[in-house]
Amino acid sequence: MDFKTSFSGIFESLMTREPLFLSKEVLRHSYTPDELPHRHNEIRQLAMILSSVLRNEESSNILIYGKSGTGKTIVSRFICSELESTGQKLNIPVKTAYINCEITDTQYRVLQNLAETFGERVPFTGWPTDKVYRTFLSSIDQQKQCVVIILDEVDRLVQKSGDDIIYNLTRINSELKHARVSIIGISNDLKFKDYLDARVQSSLSEEVVVFKPYDARQLEDILNQRAELAFKPGAVDEYVIPLCAAFAAREHGDARKALDLLRVSGEIAERESATRVQERHVRMAKDRIEADSIVEAVRTLPTQSKILLYAIILLTEQKHRNITTGDVYDTYSRLCKKAGLDILTQRRVSDLLSELDLLGIVNSTVVSKGRYGRTRQIHLMVPLVGIRLVVEDDIRLKGLSTFQPAQRRL
DNA sequence: AATCCACAGGAAGCCCGGGAAC
DNA sequence: GTTCCCGGGCTTCCTGTGGATT
């Protein structure tokens with residue numbers, strides 16, 4: 001067979017290849033389906049609490065608990081948009097503001113964000129916090145209206161900036177003449193309440209709604225519902241969805257993971273020009289999602305953390321067992337010198353190490369070696385070779401690949 | 001039992017860039 | 001321009017500690 005016959009019409013074959021997807025959008029996190037399976041009770045519960053808003057009464061503040069991917073965000077947004085539209089019909093102005101506290105994680109920025117949602121212009125820094133608060137307050141108080149504020153991942157906010165902001169927001173009603181404010185706090189952390197001041201605790205959690213993780217069967221229902229819209233009929237093998245559901249159920253019933261898994265499986269199958277999505281595609285997808293998230297986490301690390309990680313990689317390559325903070329700091333400082341970068345203090349490096357730990361890139365446990373002190377033992381938790389390349393790819397670290405760490409101190 | 005290592009990790013405060021107001 | 005505020009990265013200084021060694 002010559003070249004021409006084997007490749008002629010290659011584009012035609014690619015173009016005529018049947019796509020498996022009808023709409024990939026349906027499988028994304030941002031997509032809100034018309035129907036939220038297995039969350040009817042929670043929706044009813046929230047609706048009951050918030051319905052007082054439509055009777056022009058003050059509504060209780062709500063605290064929502066549940067692990068990631070249990071539908072907290074999607075349900076709250078759904079219920080709020082329902083509330084807004086019903087309010088419109090009844091001629092009762094209802095406004096909702098959604099804030100993701102993982103991104104907006106200081107008191108100033110929460111207030112700034114809120115003020116902007118209500119059409120005020122507030123610089124992202126510069127004003128005294130009090131002024132931003134006043135701006136927001138007068139902005140919503142211009143007319144009689146109900147304002148529902150969703151604070152998603154509120155535990156992050158409290159962890160980082162304390163509970164002042166929540167305290168202020170829960171008390172805001174006493175300063176308002178016309179408008180009313182209710183707060184919905186969403187938290188992944190079940191112990192979150194313990195970090196709050198007692199007064200804040202009681203006012204924020206007047207009502208508590210708990211979202212239980214989905215089990216494998218429920219995840220299957222969710223996936224089936226979406227797959228029907230996302231894929232062509234018959235494009236998905238019988239066992240694909242149960243397998244995605246099973247994998248995700250193992251990770252505390254995370255529906256987002258399940259959807260990702262299904263979407264990536266489909267993408268892999270499509271790229272392979274397979275006629276249907278099969279079980280093996282799911283397994284490949286699982287591996288790929290895991291690998292991608294690690295690479296992404298490492299790639300977006302700040303330079304100092306990359307050098308630090310590089311030090312750990314080098315020490316691991318030299319098969320040092322029981323790498324300690326001291327070893328890492330030693331190698332790290334010499335790497336910095338070679339790369340011409342500032343050397344941070346050990347205290348700071350210790351914090352960066354904790355961050356790497358939090359990201360799951362390394363695992364560190366504090367051990368006591370008796371007379372020889374207390375330190376962390378650090379293990380790399382990611383595949384050495386692949387990650388080394390990702391770190392070396394950082395332009396500022398070029399030229400460090402020939403670096404030899406010192407022999408182990410005794 | 002006392003000592004003491006090698007850090008962990010909290011607290012406070014510095015410095016910087018970004019921005020507003022005067 | 002000066003003076004104020006905010007947030008984030010960082011340093012300085014500090015107290016705390018599990019257990020092998022003395």
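Every chain is numbered from 1 and lettered A, B, ... according to where its sequence line falls, protein lines coming before strand lines. Below, each value reflects all heavy atoms present in this structure, side chains not excepted, and no hydrogens, waters or symmetry copies.
For the OP1/OP2 pair of C:dG7 and a distance below 4.0 Å, the side-chain nitrogens and oxygens of A:Thr106 include at least one atom meeting the criterion. At B:dC5, none of the side-chain N or O atoms of A:Thr375 fall inside 4.0 Å of OP1 or OP2 (strictly under the cut-off). For the OP1/OP2 pair of B:dA6 and a distance below 4.0 Å, the side-chain nitrogens and oxygens of A:Arg376 include no atom meeting the criterion. An OP1 or OP2 oxygen of C:dG8 is reached within less than 4.0 angstrom by a side-chain nitrogen or oxygen of A:Arg109. In this model, the phosphate group of C:dC5 is not approached by any side-chain N or O of A:Thr129 to a distance below 4.0 Å at OP1 or OP2.
One can place CG of A:Leu111 at 13 Å from C1' of C:dC6, the figure rounded to the nearest angstrom. For the pair A:Asp357 CG and B:dG9 C1', the interatomic distance rounds to 14 Å; values are reported in whole Å. Rounded to an integer number of Å, the gap from A:Asp351 CG to B:dA8 C1' is 10 Å. In this structure, the CD1 atom of A:Ile323 is 18 Å from the P atom of B:dA6, given to the nearest Å. Here C:dG8 presents its C1' atom at 17 Å from CD of A:Gln107, a figure rounded to the nearest Å. What separates CG of A:Leu356 from P of B:dA8 is a distance of 13 Å, to the nearest Å. One atom, CG of A:Asp330, and another, P of B:dC7, lie 10 Å apart when rounded to the nearest Å. A straight line from CD1 of A:Ile165 to P of C:dC6 spans 13 Å, rounded to a whole angstrom.
Looking only at atom types and distance, the side chain of A:Arg156 has no donor-acceptor partner in the side chain of A:Ser187 under 3.5 Å away. For the residue pair A:Gln107 and A:Tyr133, no side-chain donor N or O sits within less than 3.5 Å of a side-chain acceptor on the partner. For A:Thr96 and A:Glu84, the side-chain atoms include at least one donor-acceptor pair closer than 3.5 Å. In this model, no donor atom of one side chain and acceptor atom of the other lie less than 3.5 Å apart for A:Ser68 and A:Asn188. Between the side chains of A:Ser182 and A:Asn61, not a single donor N or O lies within less than 3.5 Å of an accepting N or O. A:Ser203 and A:Arg171 are not linked by any side-chain donor-acceptor pair at a separation below 3.5 angstrom, with hydrogens and angles left out of the test. Inspection of the A:Asp327 and A:Thr324 side chains reveals an N or O donor paired with an N or O acceptor under 3.5 Å. When only modelled atom types and interatomic distance are considered, A:Asp260 and A:His29 share a side-chain donor-acceptor pair under 3.5 Å. Checking A:Tyr239 against A:Gln278 by side-chain atom types alone, no donor-acceptor pair falls below 3.5 Å. There is a side-chain donor-acceptor pair under 3.5 Å between A:Glu272 and A:His281.
A heavy atom closer than 4.0 Å to some atom of DNA chain C occurs in A:Ile343, A:Leu344, A:Thr345, A:Arg347, A:Arg348, these being the qualifying members of residues 342-350 of chain A.
Every residue two or more places apart in sequence or in another chain was checked for a side-chain hydrogen bond (donor to acceptor under 3.5 Å, both in side chains) with A:Glu116, and none qualifies.
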Review item, nucleotides 20-22 of chain C N/O atoms under 3.5 Å of protein N/O:
unit_1	atom_1	unit_2	atom_2	d
C:dA20	O4'	A:Arg371	N	3.3

Every protein N/O lying under 3.5 Å from an N/O of nucleotides 19-21 of chain B:
unit_1	atom_1	unit_2	atom_2	d
B:dG19	N2	A:Gly126	O	3.4
B:dA20	O3'	A:Trp127	NE1	2.9
B:dA21	OP1	A:Lys131	NZ	2.8

Review item, nucleotides 13-16 of chain B N/O atoms under 3.5 Å of protein N/O:
none

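For A:Phe231 and A:Phe21, the ring centers are positioned less than 6.0 Å apart.
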Verdict with supporting geometry, A:Lys72 and A:Glu42, salt bridge (charged side-chain N to carboxylate O under 4.0 Å, His left out): CA-CA 9 Å; A:Lys72 302 183 297 295; A:Glu42 288 80 358; over 6 Å; no

Apply the test salt bridge (charged side-chain N to carboxylate O under 4.0 Å, His left out) to residues A:Arg109 and A:Asp105: give CA-CA distance (whole Å), side-chain angles for both, the deciding distance (0.1 Å), then the verdict. CA-CA 7 Å; A:Arg109 280 214 278 265; A:Asp105 59 358; 3.5 Å; yes

Are A:Glu35 and A:His40 close enough, and set up right, to give a side chain to side chain donor-acceptor pair (under 3.5 Å), and what steps lead you there? CA-CA 9 Å; A:Glu35 158 73 16; A:His40 295 168; 3.0 Å; yes

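Residues A:Val349 and A:Thr345 fail the side-chain proximity criterion, which asks for heavy atoms closer than 4.5 Å.
Five base pairs at each end of the helix from B:dA1-C:dT22 to B:dC22-C:dG1 define two local axes, and these are offset by 30° (rounded to 10°).
For CD of A:Glu355, the number of neighbouring non-hydrogen atoms (other residues, nucleotides, ligands) closer than 6.0 Å is greater than 12.
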